[in-house]
Protein chains: 4
Amino acid sequence: MLRAADDLLMDVGFQAMTVGAIAERADVAKQTIYRWWRSKVDILLDVLEEDLRDPSFWPELPHHPHAALERYVTHVGTVFTESPTGRVLFVLIGHALHDPATATALRGEVLRPQRQYDRARIQAALPSRPGGAASRHHADQLLDLVVGAAFHRAFMTGRPLDTRFVRQLAGAVLALRDGVPPPGAPFPAPSV
Amino acid sequence: MLRAADDLLMDVGFQAMTVGAIAERADVAKQTIYRWWRSKVDILLDVLEEDLRDPSFWPELPHHPHAALERYVTHVGTVFTESPTGRVLFVLIGHALHDPATATALRGEVLRPQRQYDRARIQAALPSRPGGAASRHHADQLLDLVVGAAFHRAFMTGRPLDTRFVRQLAGAVLALRDGVPPPGAPFPAPSV
Amino acid sequence: MLRAADDLLMDVGFQAMTVGAIAERADVAKQTIYRWWRSKVDILLDVLEEDLRDPSFWPELPHHPHAALERYVTHVGTVFTESPTGRVLFVLIGHALHDPATATALRGEVLRPQRQYDRARIQAALPSRPGGAASRHHADQLLDLVVGAAFHRAFMTGRPLDTRFVRQLAGAVLALRDGVPPPGAPFPAPSV
Amino acid sequence: MLRAADDLLMDVGFQAMTVGAIAERADVAKQTIYRWWRSKVDILLDVLEEDLRDPSFWPELPHHPHAALERYVTHVGTVFTESPTGRVLFVLIGHALHDPATATALRGEVLRPQRQYDRARIQAALPSRPGGAASRHHADQLLDLVVGAAFHRAFMTGRPLDTRFVRQLAGAVLALRDGVPPPGAPFPAPSV
DNA sequence: TTATAACCGAGACGGTACGTCGCGTCTTAGT
DNA sequence: ACTAAGACGCGACGTACCGTCTCGGTTATAA
């Protein structure tokens with residue numbers, strides 16, 4: 001059923017992804033869907049959780065800090081702009097902007113756990129100083145900037161998160177971490 | 001009628017802001033609304049344009065670069081989290097995430113003109129180098145980072161864009177501009 | 001729409017005469033039906049009222065008392081067993097036996113007015129005594145017996161109200177009126 | 001389970017007497033009900049059969065013909081208007097008016113056997129002529145008229161089958177049997 | 001000064017999806 | 001083997017809005 005919802009979302013969009021259509025595609029009665037989820041948004045929350053829980057979804061990060069960060073940003077960009085998972089995430093954020101209850105659920109069930117996972121990976125890959133892991137605080141700061149910029153570019157502008165964007169963004173935040181001038185152009189290209 | 005739509009949005013939320021309800025609140029027939037707008041989303045686009053076009057909406061920026069940026073970020077934060085205008089903007093972004101046509105209209109009618117306006121103000125306030133205005137490119141880069149981070153914090157986390165956040169964010173992007181270590185903690189506090 | 005409901009009732013029966021089906025057959029939206037009637041039973045009440053209000057529905061009664069009564073009973077029998085109107089009436093009585101509200105509505109909107117009409121016709125056709133019209137009381141008594149017996153035979157037994165039945169029933173109640181022995185066999189044939 | 005169905009019918013009416021509710025009230029699984037009956041109508045048929053089979057249900061009839069008939073009519077009236085048994089019977093007749101299969105079952109399993117029983121009692125109580133039992137034919141005729149009138153008054157009018165009604169009805173049909181004028185007013189009072 | 005047209009309120013309408021209810025069938029554990 | 005528990009496919013329910021469509025009634029101009 002999760003699969004049916006996901007497929008429908010990709011095929012016909014959110015508005016046309018009615019509960020009845022999901023039921024038909026999944027060869028299931030509408031009531032059966034309502035027995036397990038309270039709305040189609042709840043279904044998408046489960047789709048997203050399942051996608052994100054899959055360990056194979058996450059690439060292994062290189063040991064070198066700069067390469068690790070670029071790898072991470074690249075992956076975030078790909079997910080945002082090219083994967084069904086990103087589509088689901090965007091739709092859910094869209095609905096959360098209409099409905100505070102969805103916002104609470106999305107943060108509690110998806111964004112918060114995901115942040116914990118990401119933070120741990122970043123801490124492991126990016127030592128705060130030679131020989132030590134990054135502090136929780138530093139990792140969070142870095143993620144906020146990176147995810148904020150990536151989201152902004154992908155959502156607000158619809159422009160691709162291409163290699164140039166990734167390199168500049170990674171360079172900028174690493175420079176901030178190290179307190180040195182960023183290499184080359186300091187920021188990603190203008191977006192809107 | 002724009003006013004009725006705005007009020008309803010604040011009072012009952014986007015889902016309950018039906019065209020019929022707007023008509024009733026504005027003491028107008030439904031058909032009259034459809035004569036002027038194609039959907040309730042179109043109405044909100046007009047509400048937003050009208051809000052943003054009002055010059056009194058925008059604070060004057062100090063001449064000192066650092067103070068100007070903090071003032072700008074503070075204002076963006078206030079609009080995002082506390083104003084009806086921000087609520088309308090968020091709802092429209094939410095709808096744009098469901099419907100590409102809305103996304104196109106939102107970018108073309110609101111985001112792009114707004115970016116031009118913001119860019120000009122930032123260029124005027126933040127000289128790229130002593131004695132000159134900031135280049136268009138630099139201003140855009142800076143705005144992308146600032147708006148991305150502010151949006152991320154306000155939407156994705158629901159946490160307030162408080163003074164500490166504003167100061168750290170402004171400090172970080174100025175440091176990037178100048179190629180110097182950011183003062184104190186380099187980034188805003190972790191958010192999710 | 002009344003016509004659509006009636007046709008459907010005859011074609012597919014009461015259970016399958018859903019509101020959706022009526023709407024489809026009448027080329028009308030379901031909501032339009034609910035705008036005017038509260039249930040399919042209410043529709044049938046209107047169908048019945050309209051049928052019964054039609055003056056051409058009622059045969060003219062001969063002046064001779066005995067012939068008039070036989071004519072009346074024959075007509076009641078035909079309506080009960082062979083007409084769409086009778087089918088509607090039976091279905092409504094059936095529903096009234098499930099639901100007191102329907103019973104009240106059926107009596108108030110159909111049975112009571114109909115009785116007034118029938119009573120007037122019987123009074124005109126059957127003088128209580130030579131030279132005078134039948135009293136309201138006598139006419140009612142007669143109708144109760146006649147309609148009771150006809151309904152019982154048609155509903156409870158499903159047997160036809162044939163000529164023999166009609167003649168015996170008319171003869172019996174007239175004999176009661178006149179205080180004389182009924183001609184031939186006194187009652188209709190056994191029925192269950 | 002029959003008891004649970006009967007109780008529910010009296011408490012909440014026919015529509016709300018769902019199979020699920022019966023199962024819950026009888027502390028039984030729904031499937032267990034379907035193992036023994038094909039529908040809730042079948043259950044009611046069994047309830048009715050069981051009620052009517054109970055010999056204590058039937059009053060002993062006096063030997064005097066007139067008193068016997070009044071006693072019988074009184075009992076029929078009480079059953080129709082005041083007993084759970086009458087309620088079940090009415091509901092089943094109601095359903096039979098919607099569904100021919102129910103009508104067939106009701107006649108075959110309840111009405112016909114019941115008529116045999118009643119006929120025998122009437123034949124025993126009402127000699128056709130001095131010294132002999134009533135013929136089967138006469139007893140049936142009498143029962144048709146009596147039951148028809150009682151049913152009509154109870155169902156179609158909702159008025160009580162009171163003492164005056166009973167006395168007049170019994171008097172009228174006995175007068176018909178004997179070919180003499182009925183005592184006093186010949187028919188029951190007008191009913192609709 | 002009247003006629004005539006444009007616009008408006010009111011709200012019925014054909015549709016689509018909603019979320020709920022009850023049906024009768026089925027599968028699963030537990031006696 | 002039979003039970004309770006209850007999920008399931010199915011289909012109808014009655015409701016909410018959608019966007020379209022007549023209607024009269026009132027301005028607002030043109031004859």
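Just so we're on the same page: letters track the sequence lines, and every chain starts at 1.
- Closest non-hydrogen pair, T102(C) versus L92(C), comes out as CG2-O, 4.1 Å.
- Between V79(A) and F57(A), some side-chain heavy-atom pair lies under the 4.5 Å cut-off.
- Atom CD of E24(D) is separated from atom P of dC21(E) by 14 Å (rounded to the nearest Å).
- Atom P of nucleotide dC26(E) and atom CG of D27(A) are separated by 17 Å, given to the nearest angstrom.
- Identified under the salt bridge (Lys or Arg N to Asp or Glu O under 4.0 Å) test for residues 6-25 of chain D, with sequence neighbours left out: R3(D)-D7(D), D11(D)-R25(D).
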Identify all pairs in which a protein N or O lies below 3.5 Å from an N or O of nucleotides 28-30 of chain E, and state each distance.
none

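- In this structure, the side chains of L2(C) and W37(C) come closer than 4.5 Å at one or more pairs of heavy atoms.
- The distance between atom CD1 of I33(D) and atom P of dG22(E), rounded to the nearest whole Å, is 14 Å.
- Taking atom CG of D99(D) as the reference point, atom C1' of dC23(E) lies 15 Å away to the nearest angstrom.
- Residues V91(D) and M17(D) fail the side-chain proximity criterion, which asks for heavy atoms closer than 4.5 Å.
- Rounding to whole angstrom units, CH2 of residue W36(D) and P of dT25(E) are separated by 16 Å.
- Counting only heavy atoms from C-beta outward, the side chains of M1(A) and I43(A) never approach each other to under 4.5 Å.
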Filtered N/O pairs between nucleotides 16-19 of chain E and protein, under 3.5 Å:
residue : atom : partner : partner atom : Å
dC18(E) : OP1  : V19(A)  : N            : 3.1
dC18(E) : OP2  : V19(A)  : N            : 3.2
dC18(E) : OP2  : G20(A)  : N            : 3.4
dG19(E) : OP2  : Y34(A)  : OH           : 2.3
dG19(E) : O5'  : Y34(A)  : OH           : 3.4
dG19(E) : N7   : K30(A)  : NZ           : 3.0
dG19(E) : O6   : K30(A)  : NZ           : 2.9

Taking only Watson-Crick and G-U wobble pairs with both distances under 3.5 Å, what dot-bracket line describes DNA chain E, where [ ] shows pairs that cross earlier ones and | shows pairs with another strand?
|||||||||||||||||||||||||||||||

ring-ring contact (aromatic ring centres under 6.0 Å, His included) between F151(D) and H152(C): does it pass, once the steps are laid out?
CA-CA 8 Å; F151(D) 181 88; H152(C) 178 262; 7.4 Å; no

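- Nucleotides of DNA chain F that come within less than 4.0 Å of any heavy atom of chain B span, from the 5' end to the 3' end, dC17(F) to dC21(F).
- A distance-only check finds no donor-acceptor pair linking the side chain of R107(C) to the backbone of R112(C) [under 3.5 Å].
- Among the atoms of the strands shown, none is found under 4.0 Å from any heavy atom of W37(C).
- Remark: T18(A) engages A21(A) in a side-chain contact (heavy atoms from CB on, under 4.5 Å) (not counting sequence neighbours).
- L89(B) has its side chain within reach of I93(B): a pair of non-hydrogen atoms, C-beta onward, lies under 4.5 Å apart.
- Remark: side-chain polar atoms of K40(B) are paired, donor with acceptor, to backbone N or O of F14(B) under 3.5 angstrom.
- Residues K30(B) and I33(B) form no side-chain contact, since every pair of their non-hydrogen atoms from C-beta on lies 4.5 Å or further apart.
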Side chain to side chain contact (heavy atoms under 4.5 Å, CB included) between T85(D) and V88(D), worked out
CA-CA 5 Å; T85(D) 302; V88(D) 173; 5.8 Å; no

